[in-house]
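Note sheet for the following structure.
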Amino acid sequence: MPIRIGLIGKTNTGKTTFFNAATLQYAEVSSYPFTTKQPNYGTTYAITPCVCREFNVQDNPRNSLCIEGYRHIPIELIDLPGLIKGAWAGKGLGNQFLSVASQADALIHVVDASGSVDEEGKITKMGVGNPLADFYDIQEELVMWLMRLIDRQDDKIVRNLKSGKEFAETLAEVLQGIKVNEYHIEEALKQTGLRGEEFDKWTMLEDKKFAEKLLEISKPMIVLANKMDLETAGANFNILREELTNYMVIPASAEAELALRRAVQKGYVRYIPGEEDFKIVSEEQLTQEQKKALEFIQSRVFGEYMRTGVQFAINVAVFKLLGMGVVYPVSDPAKLADRSGKILPDAYLMPPNSTVRDLARTIHSELEKGLLYAIDVRSGLRLPGDYRIKDRDVLSIVSTTRRAV
Ligand SMILES: Nc1nc2c(ncn2[C@@H]2O[C@H](COP(=O)(O)OP(=O)(O)OP(=O)(O)O)[C@@H](O)[C@H]2O)c(=O)[nH]1
Ligand SMILES: [Mg+2]
């Protein structure tokens, strides 16, 4: 199962623009509120320097891509219908899709840093909207949604508790559909001081405090300050960064990234997503307007913020927020190849603290059954099944049941 990242946020903040830029799809974008009516699903890539350069080999990627020494590993991106204050009580459309958002491993909360969206979600004069208030409003919607979800299961939870089941186990059962586990629940109980308190006697305030904590723990989130190409965004970005100290806040221009990627598709521009520069290949093909737009992106976005922030946000979500490491399994440690001779064919994203055994299971359950050890290609050392793999490890798994890759 690939890693899933969900795009959430107030309507009109640029989620679908981000989605189209990252997946090269053509989902509908408009300046009307609530344009997206159903979630859009697509594939994008987490990008990391490939080990092929270190080993000085020409690789033959299979489950991923390698472009100019950078490994592109597929992940799933979900664009959700926009939210609005009051969504949990049925306002707008977004609320009914929060269950989809909650199946993501991480969330990117998109805000309009230029302040061009008013309270009702309509595009207004730049600078009139309040992105920080928008952020808190949407967070509140998520918390209320989760609170209600737990609330609806109250009877079942109390019944199970009476029959002697543990609280964390009971709640985890109820919330497994949204990827909340016992560990998340235990942590939330601990951090709110509610552990050992009787659940059916919690006050509303305690219910809410718990939902807030549970959300924070189970759904890692970064904040994307979008529309940084607009004049009013700079000041708001500083406010967001100063106030939201618990989050990584990333400046971005989804529209600039979309324009660049479309220009690449047409062959006008050379640009690798996430890079801090782009080059016009055929100036004569461009209209005056296109030239101006690219100049604007160069000075307003790259000049000020180095990058458009779209690829950067995806990489930060995967590698920093989720702490994923990249591992390259091979079957022939000398040639760095699989059985058919493909060099460094696969790259796997592995969660923090994963072991050789976890990697074997990820590749194939049969491989895990007869697992003996792994060979670390760099040192030639044998690594036991419980060895914690590191980012950029190149490993050859040795198993009695099935040969690696
Ligand atoms: N200036 C600027 N405008 C942007 C940017 N990203 C999106 N927009 C504009 O913002 C408006 C809304 O964009 P969408 O991508 O449809 O926003 P959304 O968040 O998906 O909206 P909903 O589907 O209603 O939730 C459109 O007019 C976009 O062109 C950006 O980085 N800069
Ligand atoms: Mg949309």
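Read the numbers this way: they start at 1 and go in the same order the structure lists the ligands and their atoms.
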Full working for salt bridge (Lys or Arg N to Asp or Glu O under 4.0 Å) between R62 and D346: CA-CA 6 Å; R62 183 176 56 186; D346 296 332; 2.8 Å; yes
Heteroatom distance test (F34, ligand 1): nitrogen or oxygen, under 3.5 angstrom: yes
Protein contact of atom 26 (C) of ligand 1 - nearest heavy atom, named by residue and atom, plus distance: S30 O, 3.6 Å
Rounded distance (nearest 0.5 Å) linking atom CZ of R270 with atom CD1 of I280: 13.5 Å
Side-chain donor-acceptor contact under 3.5 Å, R71 with S64: yes
From CA spacing to verdict: salt bridge (Lys or Arg N to Asp or Glu O under 4.0 Å), D229, R300: CA-CA 6 Å; D229 52 284; R300 251 326 277 160; over 6 Å; no
Nearest candidate to atom 6 (N) of ligand 1, where distance is taken over non-hydrogen atoms, out of V110, N226, N12: N226
Short N or O distance, A254 and ligand 1, threshold 3.5 Å exclusive: yes
L230, portion touching ligand 1 at heavy-atom distance under 4.0 Å: side chain
The Mg ion (ligand 2) to nearest N/O/S of T11 less than 2.8 Å: no
Selection from E257, K227, M228 by shortest heavy-atom distance to atom 10 (O) of ligand 1: K227
Closest approach of any protein heavy atom to atom 25 (O) of ligand 1, naming residue and atom: K15 NZ, 2.8 Å
Cation-aromatic face contact R195/F167, 6.0 Å, 45 degrees: no
Protein contact of atom 28 (C) of ligand 1 - nearest heavy atom, named by residue and atom, plus distance: E255 OE2, 3.6 Å
Atoms in ligand 1 flagged as close to S31, the criterion being non-hydrogen separation under 4.0 Å: 27 (O)
N or O contact, G14 vs ligand 1, cut-off under 3.5 Å: yes
Heavy-atom nearest option to atom 13 (O) of ligand 1, drawn from L258, T17, L80, V310: T17
Gap separating the CE atom of M221 from the CD atom of E216, nearest 0.5 angstrom: 10.0 Å
Backbone or side-chain N or O of T13 under 3.5 Å from ligand 1 N or O: yes
Closest protein heavy atom to atom 24 (O) of ligand 1, given as residue, atom name and distance to 0.1 Å: T11 OG1, 2.6 Å
D229: numbered ligand 1 atoms lying under 4.0 Å from its heavy atoms: 1 (N), 2 (C), 30 (C), 31 (O), 32 (N)
Atoms in ligand 1 flagged as close to G82, the criterion being non-hydrogen separation under 4.0 Å: 25 (O)
Short N-O contact, K369 and E366, less than 4.0 angstrom: yes
Steps toward side-chain contact (heavy atoms from CB on, under 4.5 Å) verdict (K179, K219): CA-CA 9 Å; K179 285 194 179 173; K219 295 294 157 210; 3.7 Å; yes
Within 6.0 angstrom of K291 NZ, more than 12 heavy atoms from elsewhere: yes
Nearest-contact summary for atom 23 (O) of ligand 1 - protein heavy atom, Å: T36 OG1, 2.7 Å
Name of the residue among I157, V174, D207 meeting side-chain contact (heavy atoms from CB on, under 4.5 Å) with I150: I157
Contact flag T36/the Mg ion (ligand 2), N/O/S atoms, threshold under 2.8 Å: yes
More than 12 heavy atoms of other groups within 6.0 Å of K162 NZ: no
